[in-house]
Amino acid sequence: MNDAQNPLDGNGSVSSKEGTRSKPVLRDTAYRKFMDYLLSGQLKPGRLVSQRELCEAIGASIGAMREALKRLEAEKVITLIPQRGVMVREPSEKEINDIYEIRKIFEVHAVRVFAVTGDLQKIAEIKAQTKEAIEGKAETRQELGLLSRERSLVDDQLHQLIIGALNNTTLDEMFDRLQVLVSVSRLSVQPRFMDSLPGLNEHLEIIEALENRDKEAAETLMSVHLEKGRRRAVGLD
């Protein structure tokens, strides 16, 4: 296949050396850099960019970028458009609803388990980080973007910790893929997350129930939290 025919090349100009299969470590680095770039708000859903642009923006080789994009397309984060480039997908309302339905099945069970056997020291650390993120201030647009990213990371930590309590590798991998799509869906409603911070305040209620080893309260609060998160993600609240 020549360069002009390569459906993974955004602009059809790749040398034979660059076209060789990238090493996994370079591919994984390119993947992480792409996600950081995307979730920082610098790449919006629906925008079309070439692979060359992405490589220059995140500092990755074309070979590593191409391999990372294959994974991102499989995860339904992006769509590869032959001869044109890369477009970040905006998850449909049905996809978001499906994601949260699966999360409810996993996380309501996991939080009940964590309330009984979970590490309260780690919960205390996340509680402190959550309060700090809620109280964070930003004056410039750039600072606001960084603060939003920090809050998203703190948000994810609690869910990852709770899922991790089940000690199920397959579930961990599935949850990571779901979280990627949830993070992408946030991009279109990001100001809502930044201004009202509903999710993090709901986390504090869940954390209090966990600290009290109250599995019934933790289960109820997690269920309510995920339903509210679903509504926010599709723009209903």
Side-chain angles (χ1 to χ4, degrees), residues 39 75-76 91-136 147-237:
L39 298 178
E75 293 177 349
K76 298 183 178 181
S92 68
E93 183 172 331
K94 183 182 186 308
E95 286 177 306
I96 293 172
N97 287 334
D98 289 348
I99 288 167
Y100 274 90
E101 183 177 359
I102 294 171
R103 288 187 64 184
K104 285 179 183 179
I105 295 171
F106 293 160
E107 295 187 58
V108 170
H109 168 62
V111 79
R112 188 178 182 90
V113 173
F114 194 98
V116 177
T117 63
D119 187 334
L120 295 186
Q121 178 58 42
K122 290 182 179 178
I123 280 293
E125 293 171 2
I126 290 180
K127 182 178 182 179
Q129 293 170 354
T130 301
K131 288 184 174 180
E132 183 178 350
I134 290 173
E135 296 167 0
L147 181 58
S148 174
R149 177 66 173 137
E150 177 187 345
R151 286 170 174 166
S152 293
L153 291 172
V154 171
D155 185 308
D156 292 343
Q157 284 177 1
L158 177 63
H159 294 281
Q160 290 167 347
L161 178 63
I162 290 170
I163 285 290
L166 297 178
N167 195 28
N168 186 316
T169 302
T170 300
L171 183 55
D172 288 343
E173 293 173 353
M174 291 178 63
F175 180 77
D176 287 343
R177 289 196 294 272
L178 292 175
Q179 279 296 88
V180 168
L181 294 177
V182 170
S183 297
V184 174
S185 73
R186 285 175 181 164
L187 295 175
S188 60
V189 292
Q190 199 171 52
R192 195 170 306 198
F193 278 83
M194 290 188 293
D195 293 340
S196 61
L197 303 176
L200 291 181
N201 283 306
E202 291 158 16
H203 278 200
L204 291 179
E205 296 177 350
I206 296 170
I207 287 171
E208 182 177 357
L210 294 176
E211 289 176 328
N212 293 331
R213 297 291 191 190
D214 187 339
K215 58 183 183 292
E216 283 79 15
E219 180 179 321
T220 298
L221 289 166
M222 179 60 78
S223 181
V224 171
H225 169 61
L226 290 172
E227 175 57 22
K228 288 183 176 179
R230 182 195 68 80
R231 292 180 61 83
R232 288 191 290 267
V234 298
L236 294 177
D237 289 338

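The first residue in the sequence is number 1, and the count goes up from there.
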- Query: Given His225, which of Glu205, His203, Arg230 fulfils the side chain to side chain donor-acceptor pair (under 3.5 Å) condition?
  - Reply: His203
- Task: Quick one: closest heavy-atom pair of Ala133 and Leu200, and the distance?
- Result: CB-CD1, 4.1 Å
- Task: Answer yes or no: is there a side-chain heavy-atom contact under 4.5 Å between Val224 and Lys228?
- Result: yes
- Roughly how far, to the nearest 0.5 Å, is the OG1 atom of Thr130 from the CD atom of Glu125? 11.5 Å
- Item | Exercise: identify the closest heavy-atom pair between Glu75 and Val180 | OE1-CG1, 4.4 Å
- Message: Return the CG to CD1 distance between Leu210 and Ile162, rounded to the nearest 0.5 Å.
- Response: 5.5 Å
- Glu219 side chain near Lys215 side chain, heavy-atom distance below 4.5 Å: no
- Task: Would you list the pairs meeting side-chain hydrogen bond (donor to acceptor under 3.5 Å, both in side chains) in which at least one residue belongs to residues 163-182, sequence neighbours left out?
- Result: Arg103-Gln179, Asp156-Gln179
- Message: If I take atom CG from residue Leu158 and atom CG from residue Leu204, how far apart are they, to the nearest 0.5 angstrom?
- Response: 9.5 Å
- Message: Does atom CD (Glu101) have a neighbourhood of more than 12 heavy atoms from anything else shown, all under 6.0 Å?
- Response: no
- Query: Does Thr220 reach the main-chain N or O of Glu216 with its side chain, forming a donor-acceptor pair under 3.5 Å?
  - Reply: yes
- Item | For Leu181 against Lys76, the heavy-atom pair lying closest together | CD2-O, 3.7 Å
- Interatomic spacing from CG in Leu226 to CD1 in Ile206 - rounded to 0.5 Å: 7.0 Å
- Does any non-hydrogen side-chain atom of Gln129 lie less than 4.5 Å from one of Leu153? no
- For side-chain contact (heavy atoms from CB on, under 4.5 Å), just list the numbers for Asp155 and His159, CA-CA rounded to whole Å, side-chain angles, deciding distance to a tenth of an Å, and then say yes or no. CA-CA 7 Å; Asp155 185 308; His159 294 281; 3.5 Å; yes
- Item | Basic-acidic side-chain contact under 4.0 Å: Glu227, Lys104 | yes
- Distance in Å, Arg112 CZ paired with Asp214 CG, rounded so as to fall on 0.5 Å steps: 9.5 Å
- Looking only at heavy atoms, which two atoms of Ile163 and Phe106 are closest? And how far apart? CD1-CB, 4.0 Å
- Item | Closest non-hydrogen atom pair between Ala209 and Leu221, with its separation | CB-CD1, 4.0 Å
- Message: Within the 4.5 Å heavy-atom criterion, are Ile123 and Glu211 side-chain neighbours or not?
- Response: yes
- Over all heavy atoms of both residues, which pair between Gly136 and Leu147 is shortest? Give the atoms and the distance, please. O-CD2, 3.5 Å
